[in-house]
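We count ligands from 1, going down the list as the structure has it; atoms in each ligand are counted the same way. Any value given below was found using the heavy atoms of this structure, including those in side chains, with hydrogens, waters and symmetry copies removed.
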Amino acid sequence: MTVHTLDTGLFKLDGGAMFGVVPKSLWHKLNPADENNMCTWAMRCLLIEDGQRLILVDNGIGDKQDQKFRGHFYLHGDDTLEKSLRRLGFTAADITDVLLTHLHFDHCGGSVVRTSDDKLQLAFPNATYWSNQNHWDWAVTPNAREKASFLKENILPIQESGHLRFLDPAAGSAPAELPCFREIILADGHTEKMMVPVLDYKGRTLAFMADLLPSAGHVPLPYVMGYDMRPLITLEEKERVLRRAADENWVLVLEHDAHTECITVQHTEKGVRVADTLRLTDL
Ligand SMILES: [Zn+2]
């Protein structure tokens with residue numbers, strides 16, 4: 001098995017929204033904000049070559065949104081999913097499986113493309129797309145607070161294509177449908193049943209943290225995003241995963257950290273903190 005990270009471009013989100021109750025005087029040192037208080041974030045995905053399968057975890061924001069939407073999020077940087085795949089010698093048609101951690105637009109927007117005659121079609125025509133029933137139901141009937149993150153054009157065409165399937169991950173065991181993952185942790189704090197995939201790789205445990213830990217700056221427990229639906233649940237879930245990660249020296253892949261691809265963590269007197277920063281290629 002070979003695992004790669006894929007950069008799909010950068011965007012900006014309000015620094016205050018990203019750090020919840022933590023004041024700017026604390027978060028801005030690690031995450032300098034621009035004149036509009038916006039900080040830069042990555043949209044980093046995972047690509048797993050596993051025998052005959054090529055599994056993509058999340059796929060960034062995509063490129064089908066209009067100029068107004070793009071302006072809100074200041075999309076920038078040279079990387080796109082397509083370019084990053086090509087660099088590794090793959091095309092979208094090679095992807096056999098797409099695991100969507102959750103259906104917020106910055107994680108699943110690359111799932112569906114708009115054709116020149118304005119039709120929506122799957123970006124990965126040969127892939128099975130994996131979500132879970134609870135999250136799917138939550139996303140297609142969104143609450144008012146989260147509605148702006150669940151865009152119908154990213155979600156409904158997947159179901160209409162017939163390529164959608166649901167996982168039913170059990171704690172501590174590999175899903176039969178995607179055995180490359182040792183476990184898929186379900187997290188309810190950020191949104192309903194977000195999936196955090198965990199796999200064994202080169203003698204280490206890799207966890208793709210999605211929005212349970214968007215960046216290295218979110219390691220201290222109270223640094224919880226204002227976007228989270230259930231912040232107290234995030235606190236518990238983050239603490240549990242960070243403890244396991246520190247105990248077992250996991251490599252945590254960070255989806256949104258613009259500077260740091262992966263971290264390891266350690267127990268300290270203040271709680272779990274970053275031990276080391278690294279790239280997957282360092283393993
Ligand atoms: Zn999210």
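- The six-membered or imidazole ring of His190 lies away from that of His107, with a centre-to-centre distance of 6.0 Å or more.
- Annotation: side-chain contact (heavy atoms from CB on, under 4.5 Å) contacts of Thr141 (sequence neighbours excluded): none.
- In this structure, NE2 of His102 and OD2 of Asp211 enclose an angle of 100° at the Zn ion (ligand 1), rounded to 10°.
- With 2.8 Å as the limit, Asp106 does not count as an N, O or S neighbour of the Zn ion (ligand 1).
- If you check the side chains of Ser111 and Asn59, you find a donor sitting under 3.5 Å from an acceptor.
- Atom-to-atom distance recorded for Cys39:SG and Lys12:NZ is 9.0 Å, nearest 0.5 angstrom.
- The angle that His190 NE2 and His104 ND1 make at the Zn ion (ligand 1), rounded to 10°, works out to 90°.
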